Every structure is written in C-alpha cells, then in structure tokens.
Amino acid sequence: MAPDGQHELDRLRARIRELEAADDRRREAERALRESEALYRTIFETTGTATVIIEEDGTIALANAGFSELTGHDAVAVEGRMTWPEFVVDADRERIWGYHRARRAAPGSVPHEYECRCQHRDGSPRELHVTVAMIPGTRRSVASFLDITQRRRAEAESREHLRELAVAARAGMLGALASSLAHELNQPLCGILGCADYSLRLARSGEGNTAAAVEALEEVVEQAERAAASIRRIQTFLHHRRAEREPVDVGKLVQNAVDLLETEARHRGVRLRTVIAASARQVLADGVQIQQVIMNIMRNGIESMESPADEPEDLEIAVISENSHAVVVRVTDRGSGLPAGNRHRIFDPFFSTKADGLGLGLSLGRSIVEAHGGKIQAEDNPAGGAIVTLALPLWGQST
Amino acid sequence: MTTTPHSLVYVVDDDPGVRKMVRMLLESVGLPVQTYSAATEFLDHFDPPPLCCLVLDVRMPGMDGLALQAHLHRQGHQIPTVIITGHADVPMAVQAMRAGALDFIEKPFREQTLLDAVQRALRSAEEAQRSDAHRAEARRKLAQLSPREREVMELLVEGQPTKGVAAALGVSIQAIAAHRARILEKLELDSLPELVRLVMAADDTD
C-alpha cells in the first residue's frame with residue numbers, strides 16, 4: 001500500500017472513532033434526557049399535588065392525575081383542549097385571567113399564591129389554594145392546587161359555633177341586666193305619664209295655658225325618644241345575626257357599651273368614665289361581638305367594684321391607638337383585682353371567681369378577639385383592681 | 001286643691017326627666033319645689049322650713065332613698081316623706097313605711113296620685129306643727145305648778161282617788177282636795193278629765 005493510502009486510511013479510522021465517540025455522547029445525552037424527563041414526569045405525576053403546566057394562551061399543556069381527581073376531567077380531555085380559567089367559577093374567572101396575563105408581563109406584579117373557587121365535573125364547588133410559578137426561559141407557567149374545601153368548611157363551622165355562642169351569651173347578658181334595663185325604660189315612662197296627665201289637665205281646664213302644655217308635651221316627646229333609643233340599643237345588641245366583618249369605629253362600640261351598662265353601673269355604685277382618643281380607631285370587625293367583649297370586661301369590673309352605699313368610684317374605659325397597627329381598649333377597675341394564684345386561668349373556659357358565674361365570659365371574649373386577629377390580656381392595677389386590655393388590628397392603614 | 005303658704009316640697013331623684021316632670025306638676029298647683037339629684041346634694045342644702053315634705057326616689061347611686069330616710073330620722077327630722085320607686089317590692093315598702101314614710105308610690109304614676117300624696121304629706125306636716133304648738137302650750141301651763149302640786153297632779157292623773165292620794169302623801173283628804181282645786185284653777189280647767197288630756201298633750205312625743 002502506498003504511504004499516501006495508508007495515511008488516508010488512518011485519518012478515516014480516526015474520524016470514525018471520533019464519530020463513534022460523538023454518537024456515544026449523543027446517546028448518553030439522550031438517555032440522560034429521557035431519564036430526566038421520566039424523572040420529572042414521575043414527580044409531576046406522583047407528587048400527590050394536582051399540578052398543570054399552562055401555555056401562554058391559557059391552555060393546559062400538561063395535567064397530572066391529581067388534577068384529574070380534583071376536577072373530575074381526564075388528562076386526555078384536558079391537555080391541549082381546555083384553558084385553566086375555564087375550571088374556575090364565573091365569579092373568580094376574570095381575576096384569574098388577570099393574574100395569568102399580568103404574570104407574563106411582569107411576574108412580580110401578581111401573587112404567586114392565591115385562593116379561588118372551582119367546580120368539579122359533578123357540579124360540587126371546590127375551594128383551591130393555588131401556587132403558580134413561571135418556568136424559566138419560557139412563557140409557560142406551572143400551577144399546583146391544594147383542595148382547601150374541608151378546611152374552609154371547618155373554619156366556617158367554627159366561626160358559626162362562635163357566632164351562636166356569642167348570640168346566646170348576649171341573650172344571657174341582657175337577662176342578667178334585665179332589672180336595670182327595666183328600670184331604664186321605666187324612668188322615661190314615668191316622665192311621659194306624668195307630663196301627659198298634666199297636659200290633659202291643662203287642655204281640659206280650658207284656661208288656654210298653651211305655653212305650659214307645650215313644655216309638658218315637649219317633655220313627653222323627649223322622654224319617648226329616650227325610651228325608644230334604649231329599646232333600639234337592646235334590639236341591636238340582641239337581634240344581631242350577621243357575622244360580617246365591616247369597618248367599625250371602636251370609640252362608637254365603647255359608647256354603645258357604656259350606654260347599655262350605665263344604669264347597671266349606677267345601681268351598683270360605679271361611675272363609667274370614657275377616654276376616647278381622637279385618632280384613628282377603625283377596625284375590621286363584627287362590631288356587636290366586639291361590643292359584647294367590651295361589655296363583658298366592663299361588667300366584671302363593675303361587679304368587682306360594687307359598693308352601692310359609698311360614693312361612686314370610676315371605672316375607666318379608654319380607647320387608645322398606641323401605634324399604627326393596633327387600636328387598644330383598656331378597662332381599668334378599682335375592684336378586687338385578679339384572683340391570686342389563678343391569674344393565668346381567667347381566660348380559661350369554666351373558670352370563674354363568681355358564685356353564680358359560668359366562667360364563659362372571658363374565654364368567649366378571647367375566642368372572639370383572636371378570631372379578629374387581636375389579643376386580650378389582664379394585669380394588676382398598681383392602684384388596686386385590674387386592667388384588662390384588648391388590642392385589635394387597626395384597619396385602613398396597612399390593609 | 002289648696003296651696004299651703006310657706007310650704008316647700010323637696011324632690012330627690014337621680015333621673016333628670018322624673019325631676020323635671022315632678023317639678024312641673026307641683027309648681028302647676030302652686031307648690032314651691034326644690035329638686036336634687038342625690039341624697040348628699042340634698043343634705044348639703046337641707047334647711048327645712050316649718051312646713052315641708054320630701055318626695056324621695058329609693059334607687060339612687062351613693063346614699064339611696066331608704067338610707068337617707070334613716071339618716072334624717074337619726075338627726076331627729078320628722079319630715080313627712082313620699083317614697084317613689086321604679087321597683088316596688090314588698091320588703092322595701094315595709095322598710096320604708098316602718099321608717100316613717102307616709103306614702104309609697106310606684107313609677108310610673110298618675111299625676112293625681114303624686115299630687116294627692118304630696119298634699120297629704122304637707123297636711124301631715126301642718127298637723128305635726130299644730131300639735132307641736134299645742135304641746136308647748138300644755139308644757140308651759142304645767143310649769144306653773146309648785147312641786148307639791150305636781151306630785152298631787154301626777155297621782156290624780158294616774159287615777160288615784162282623793163283618799164288614795166292623801167294616804168300616799170301622808171296628808172289629810174281635805175288638804176288634797178284643796179290642792180286639787182288650786183291645780184284646776186291655775187291651769188284654767190274645769191274637771192279631772194281635762195287635766196288628763198292636758199298632761200297627755202304635754203307628754204306627747206312622736
């Protein structure tokens with residue numbers, strides 16, 4: 001063989017080895033890719049969480065078995081055929097499309113976790129907690145879903161139980177105040193009857209003393225309005241059924257509480273003194289429930305201070321906005337103070353220092369306050385008595 | 001309705017509406033009224049004229065109506081009192097009447113009920129005033145007697161016959177008869193029963 005021929009042959013052999021090595025590397029890469037795909041596909045399928053991959057136009061490219069279970073639709077019927085927002089209930093769909101588009105324009109501008117409601121193929125509603133992320137370098141996103149229907153239902157049930165308990169406790173509280181409230185209504189009635197009699201006498205006398213009759217009748221109107229206001233306060237407190245949260249002025253709640261307890265306090269020799277800060281004091285709350293908690297704290301104070309024969313002592317109710325996060329109601333009494341040795345138990349259910357107490361007032365109060373994201377605590381008043389403080393998140397500042 | 005000159009009605013009630021109504025009613029029949037929102041406020045201003053009465057609410061913060069009644073009683077004031085209350089329970093009514101309340105009326109009340117009760121209270125004050133004057137007069141008369149005459153009078157009023165008095169004092173029946181005549185003369189009386197009435201009037205305590 002000519003040296004040239006030999007040289008050419010070696011060169012080809014080397015080339016073949018190179019190509020064979022490249023092919024091996026390619027095979028290896030393909031195998032790794034297949035392995036990786038299988039790995040991710042396995043994770044995708046078996047993670048236990050309903051997950052989908054969503055195209056830029058909203059179409060679901062890939063859906064796992066969890067998603068099929070969650071929605072009742074086979075992956076085959078979904079993949080490439082349905083968009084993600086189609087699964088969402090009408091009321092939430094616009095919001096979800098909004099998130100979808102905004103995430104592709106500016107991913108940081110929308111929450112990567114949110115809640116929405118879906119409908120299962122069988123028509124039953126599902127509450128979902130959704131976590132979404134963009135797949136880097138693509139216009140696709142991956143979304144996973146947690147079915148929180150049961151949790152939400154349990155929360156709603158526990159809220160409902162709390163509400164029912166609060167309604168019953170309000171009826172109980174008004175029952176305990178019945179004697180004072182009857183007295184409170186009897187006073188204006190007394191004024192009305194006396195002044196009406198007097199007006200009648202003036203009218204029947206024919207003496208034409210109009211000025212006196214007008215004065216007496218004005219008093220009838222004033223006292224009737226006073227009685228009506230008392231009844232309205234009681235009805236609002238008793239017949240409150242909604243448990244909706246709305247922005248309420250804590251100062252107003254304290255005033256309502258004071259109005260309802262004024263007579264009771266007076267009869268027990270206690271003067272109610274309110275100090276209400278002019279600053280922001282709006283909270284997002286079920287106002288009547290919060291008023292109920294305040295009244296409960298006040299009643300405890302009034303009862304522990306009871307001394308009808310002596311000169312009345314002050315029970316102070318202050319509304320303070322301590323910082324930009326919380327509104328604080330502070331009730332300061334000069335009564336018998338926290339129970340020695342049992343101070344940590346006063347918020348426990350069925351703990352009471354009163355002979356006829358059920359021990360539910362403060363424990364219910366704590367449940368209500370905590371359900372509002374607030375805090376309630378009690379401490380000794382250095383001047384004697386107790387100080388109970390209720391803090392609620394201020395509304396309208398950071399929210 | 002008659003109005004009594006120089007009389008005064010005190011009203012103590014912690015409810016401004018009730019105070020205003022009671023004042024209106026009483027002033028409309030010509031009665032001067034002073035109203036107070038608390039027992040202590042009333043006591044601070046209490047300077048009773050001869051003819052007055054008190055319209056008093058039971059349930060008040062601080063000193064309540066019954067406590068005020070008891071306080072006045074301890075101070076020796078015999079002011080006729082009409083109790084008004086929004087919750088008339090029997091034990092409270094009994095307590096008030098025992099403490100000398102003249103009337104006990106329940107809120108809400110008719111105009112006439114209050115006016116009648118106040119009028120009765122003022123009449124009672126007037127009678128008390130009259131019997132005070134009567135007692136003072138009787139005591140003044142009895143003070144004219146000598147110690148011996150007083151001794152004789154006391155035995156006579158006890159119902160002792162002249163003979164018994166004579167025996168008790170160790171003197172003659174004639175001497176006692178003379179004393180007896182002298183006593184009736186000094187006191188401007190005609191008979192023993194009149195003497196008994198005079199002594200009772202002088203002894204009268206409330």
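None of these values were measured; they are calculated from a predicted model. Below, read A as the first sequence line, B as the second, and so on, with proteins coming before strands; counting in each chain starts at 1. Values reported hereafter were calculated over all heavy atoms of this structure, with side chains retained and with hydrogens, waters and symmetry mates removed.
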| CA sep, side-chain torsions, deciding dist, call: A:Q187, B:D13, side-chain contact (heavy atoms from CB on, under 4.5 Å) | CA-CA 10 Å; A:Q187 299 285 50; B:D13 191 310; 4.3 Å; yes

| query | Looking at B:D15 and A:R226, does any basic side-chain N land under 4.0 Å from a carboxylate oxygen? | reply | yes

| request: Identify the heavy atoms of B:M21 and A:G191 that sit nearest to each other, and give their distance. | output: CG-O, 3.7 Å

| query | Just wondering, are more than 12 heavy atoms of other shown residues or ligands nearer than 6.0 Å to CZ in B:R148? | reply | yes

List the atom pairs, with distances to 0.1 Å, where a side-chain N or O of residues 251-263 of chain A and a protein N or O form a donor-acceptor pair under 3.5 Å, not counting sequence neighbours.
unit_1, atom_1, unit_2, atom_2, d
A:Q255, NE2, A:D259, OD1, 3.2
A:T263, OG1, A:E184, OE1, 2.7

| field | Which portion of B:K20 sits near chain A, non-hydrogen atoms under 4.5 angstrom | value | side chain

| Proximal component of A:E215, with respect to chain B [non-hydrogen, under 4.5 Å] | both

| request: Verify side-chain contact (heavy atoms from CB on, under 4.5 Å) between B:E111 and A:C195, making sure each step is shown before the conclusion. | output: CA-CA 8 Å; B:E111 172 190 60; A:C195 288; over 6 Å; no

| message | How long is the straight-line distance from CE of B:M24 back to OG of A:S199, given to the nearest 0.5 Å? | response | 8.0 Å

| note | Heavy-atom nearest pair, B:L25 first then A:G194, reads CD2-O, 3.6 Å

| message | Counting heavy-atom pairs under 4.5 Å with chain A, which one of B:A38, B:A67, B:S28 comes out on top? | response | B:S28

| query | Looking at B:D14, B:L114, B:T40, which has the largest count of heavy-atom pairs under 4.5 Å with chain A? | reply | B:D14

| At a heavy-atom separation under 4.5 Å, does A:A216 approach chain B through its side chain, its backbone, both, or neither? | both

| query | Take atom CD in B:Q144; do more than 12 heavy atoms of anything else shown fall under 6.0 Å from it? | reply | yes

| said: On a heavy-atom basis, which atom in A:N186 and which in B:P108 lie closest, and how many Å separate them? | reply: OD1-CD, 3.1 Å

| said: Pair B:L115, A:R201 - check side-chain contact (heavy atoms from CB on, under 4.5 Å), show working. | reply: CA-CA 13 Å; B:L115 293 178; A:R201 172 156 57 91; 4.2 Å; yes

| Checking A:E219 against chain B: side chain, backbone, both or neither under 4.5 Å from a heavy atom? | side chain

| said: Closer than 3.5 angstrom, by distance alone: can the side chain of A:D197 be matched with the main-chain N or O of B:Q112 as a donor-acceptor pair? | reply: no

| query | If you draw a 6.0 Å radius around CZ in B:R23, do more than 12 non-hydrogen atoms from other residues or ligands fall strictly inside? | reply | yes

| Crowding at NE2, B:H77 (>12 non-hydrogen neighbours, <6.0 Å) | yes

